Amino acid sequence: MLVYNSQTHRKEELVPVEPGHISMYVCGPTVYDQIHIGNGRTFLAFDVIRRYLIFKGYQVRFAQNLTDVDDKIIQRANEQGVSAAELARTYSDAFIEQMERLNVLAPDIRPRATQEIDAMVSMISSLIDQGNAYAVPSGDVYFSVRSCETYGSVSGRNVDELLVGARIEENSDKRDPLDFALWKAAKPGEPSWESPWGLGRPGWHTECAAMVHRYLGTPIDIHGGGSDLVFPHHENESAQASCRWHEPLANLWMHTGMLRVDGEKMSKSLGNFHTLKEVLDRYPADAVRLLMLQTHYRSPLDFSFERLDGCMGALDRLRTTVRNLRWAAENSDGSSCGGDGAQALSGAIDAAREGFVAAMDDDFNTSAALAAVFSLAGQANAYLDAAGASACTSTLLRASDAIVELLEVLGLESVRPQVDQLPAELVDVAADLVGYDGSDVDGAVTTLIEARAQARAEKDWARADAIRDAVSALGLVVEDTQAGTRITRQEGGR
RNA sequence: GGCGACGUGGCCAAGUGGUAAGGCAGAGGCCUGCAAAGCCUUUACCCCCAGUUCGAAUCUGGGCGUCGCCUCCA
């Protein structure tokens, strides 16, 4: 399968370091607030990539950090009058909760920066020993960019050109404006850890490099994140690792496109963001997932609630299709399996599976993969419409299973039919309207359907409608199909 | 200024040489007692100009426009 490597700007064949195994690391959030849906888009994209690699048979080892010590956390904690650790705990819990709601698989390993200080101190010490880093009297430690020959290779930047645009900081002990902090000396009251350079805390770029190496080794197969992390974060991570371990940090760098609102990048600094929590409070996870998967992961994605509404409709349609296929399979005579229609649909099922895999094999083209599933749904509907009550049972079930299974590879799980637990109030409705004297719901349903069928046969529309209205009032749907009347739950999310 | 990405129907979006997937929305029709669901039909000079080619949305050059990174940011 082909994967786009943002370091080489080319699609490359995926060749794992260890055959059959994939190690992945995706930079996690700094936990100082609720994450927004732009963050969510990246984590969702890599969730689908991970799910697909598992689907392909790889043993995937997936690590994602939590940055739980950082300037922003300290600042926010001071504003709120809580400890930095407390604030970080609150929002790392919130992050994990929202990821679960979005149906993102939990990482195999979720290191927290504050629990990995020893690995970072060790890495920094080695870098100093090797001459790639230096401590200054204040207690800060900087990485010497000029000492790293490969610096710039991840982001395609030239060190001399960077210098032109580099910000000149005041009161800095840096030897070169391009150098970046590996260790920051603690100011009074800040969270800090012991180190050979005094009390302090690690720099952001250092955390990821050390955690990647500790949990996955180097090089790893895939290192991912949002495209805004390419520089400086990933460049700096890579520089530390390649100097320290004399190997690339990662063989493949994957970066997701930015999520936009009204054509502009959504970010906390611009203030034009929606939190994931806010969106998941209003829409089911699958609608959010479908919206994001309709665009390729590398392209910018314009977010809007209107589009989310559209996705709700599309999901309902898929659910209805699956429900119709299964209903027909159970209630038709299933006699026409040899016909042209059944043969054609059978071919379409295979084509959809193949199209799905081909699309995903080509740099995780979820948009094209979804199109294959929607196309199958459309063809199955057309077949059902044409074949009616003699539609081939086994082909209907195969089509339904294919739709459900392929969507589940993408983590869209709400299309799988649920066991319909109809409400007990149906017993009362049946008792009132048609004189049902039993106590179980199934009997009530059967009695209601029979009574409605009789009323319709007698053209007693008022009675037929009264039954339908009473059942509808319970939030159920009454439908007259070619294979008979059915009563089901209203569609619309989970 | 440097580096990079992009510009496809009303909206979203796939498609890297052979005359345009899919979703949402719209219009008309069919089916239905009425519905629901579904089906059918229908809308694209692929930003502009020039070039390469038998042939380009797809390659090359130029133009216009949009966005991202270069500073914390998924």
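Note on naming: letters A, B, ... go to the chains in the order of the sequence lines (proteins, then strands), and numbering restarts at 1 for each one. Please read all numbers here as calculations on a predicted model, not as lab measurements.
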Go through [options] for me and flag the one nearest to the [X] side chain.
X	options	result
A:Arg307	B:rC12, B:rG33, B:rA37	B:rC12
A:Asp465	B:rG4, B:rG33, B:rA74	B:rG33
A:Pro232	B:rU71, B:rA74, B:rC40	B:rU71
A:Ser367	B:rC34, B:rG23, B:rA13	B:rA13
A:Arg317	B:rG22, B:rC39, B:rU71	B:rC39
A:Glu479	B:rC70, B:rA21, B:rA37	B:rA37
A:Ala368	B:rG68, B:rC39, B:rA14	B:rA14
A:Ala382	B:rG15, B:rC40, B:rC70	B:rC40
A:Ala371	B:rG22, B:rG38, B:rA74	B:rG22

Any sub-3.5 Å donor-acceptor pair from [X]'s side-chain atoms to [Y]'s backbone N or O?
X	Y	result
A:Gln34	A:Leu276	no
A:Arg289	A:Gly411	yes
A:Asp302	A:Gly263	yes
A:Asn65	A:Arg112	no

For [X], which contact category applies under a 4.0 Å heavy-atom criterion: base, sugar-phosphate, or nothing?
X	result
A:Arg260	sugar-phosphate
A:Lys265	base
A:Gln294	sugar-phosphate
A:Ile35	nothing
A:Ser299	sugar-phosphate
A:Gly225	sugar-phosphate
A:His296	sugar-phosphate
A:Met292	nothing
A:Arg463	nothing
A:Val26	nothing
A:Asp70	nothing
A:Thr295	sugar-phosphate

Item to check | A:Lys11 vs A:Arg456, nearer the 5' end of RNA chain B by closest nucleotide | outcome: A:Lys11

Item to check | Comparing A:Gly313 and A:Asn39 on RNA chain B - which has the more 5′ nearest nucleotide | outcome: A:Gly313

Base-pairing mate for [N] - Watson-Crick or G-U, with both contacts under 3.5 Å:
N	answer
B:rA35	none
B:rA74	none
B:rG26	B:rU42
B:rC69	B:rG2
B:rC59	B:rG51

Next on the checklist: Quick check, does A:Trp461 stack with B:rG33? I mean ring centres under 5.5 Å and planes off by under 30°.
Outcome noted: yes

Given the [atom1] atoms of [N] and [M], what is the spacing between them in whole Å?
N	M	atom1	value
B:rG26	B:rC59	P	36 Å
B:rG61	B:rG4	P	13 Å
B:rA13	B:rC67	P	15 Å
B:rG18	B:rA56	P	11 Å
B:rA44	B:rU8	C1'	8 Å
B:rU43	B:rG33	P	32 Å
B:rA57	B:rA50	P	14 Å
B:rG9	B:rA20	C1'	10 Å

Next on the checklist: Is the terminal nitrogen or CZ of A:Arg76 (NZ for Lys, CZ for Arg) located under 6.0 angstrom from the six-membered ring centre of A:Tyr32 and within 45° of that ring's axis?
Outcome noted: no

[X] [atom1] - [N] [atom2] separation (whole Å):
X	N	atom1	atom2	answer
A:Gln379	B:rA21	CD	C1'	12 Å
A:Leu384	B:rC31	CG	P	18 Å
A:Asp228	B:rG4	CG	C1'	14 Å
A:Asp362	B:rA21	CG	C1'	14 Å
A:His234	B:rA74	NE2	C1'	9 Å
A:Leu301	B:rG23	CG	P	19 Å
A:Asp480	B:rG33	CG	C1'	10 Å
A:Asp309	B:rC12	CG	C1'	14 Å

Checklist entry - Does the pair A:Asp316/A:Arg319 count as a salt bridge with the N-to-O cut at 4.0 Å? => result yes

Checklist entry - Is a salt bridge present between A:Arg146 and A:Asp176, judged by a nitrogen-to-oxygen distance below 4.0 Å? => result yes

Checklist entry - Is there a ring-ring contact (aromatic ring centres under 6.0 Å, His included) between A:Phe305 and A:His274 once you walk through the steps? => result CA-CA 11 Å; A:Phe305 288 102; A:His274 298 285; 5.0 Å; yes

Item to check | Atom pair CD (A:Glu100) and CZ (A:Phe95), whose distance is rounded to the nearest 0.5 Å | outcome: 10.5 Å

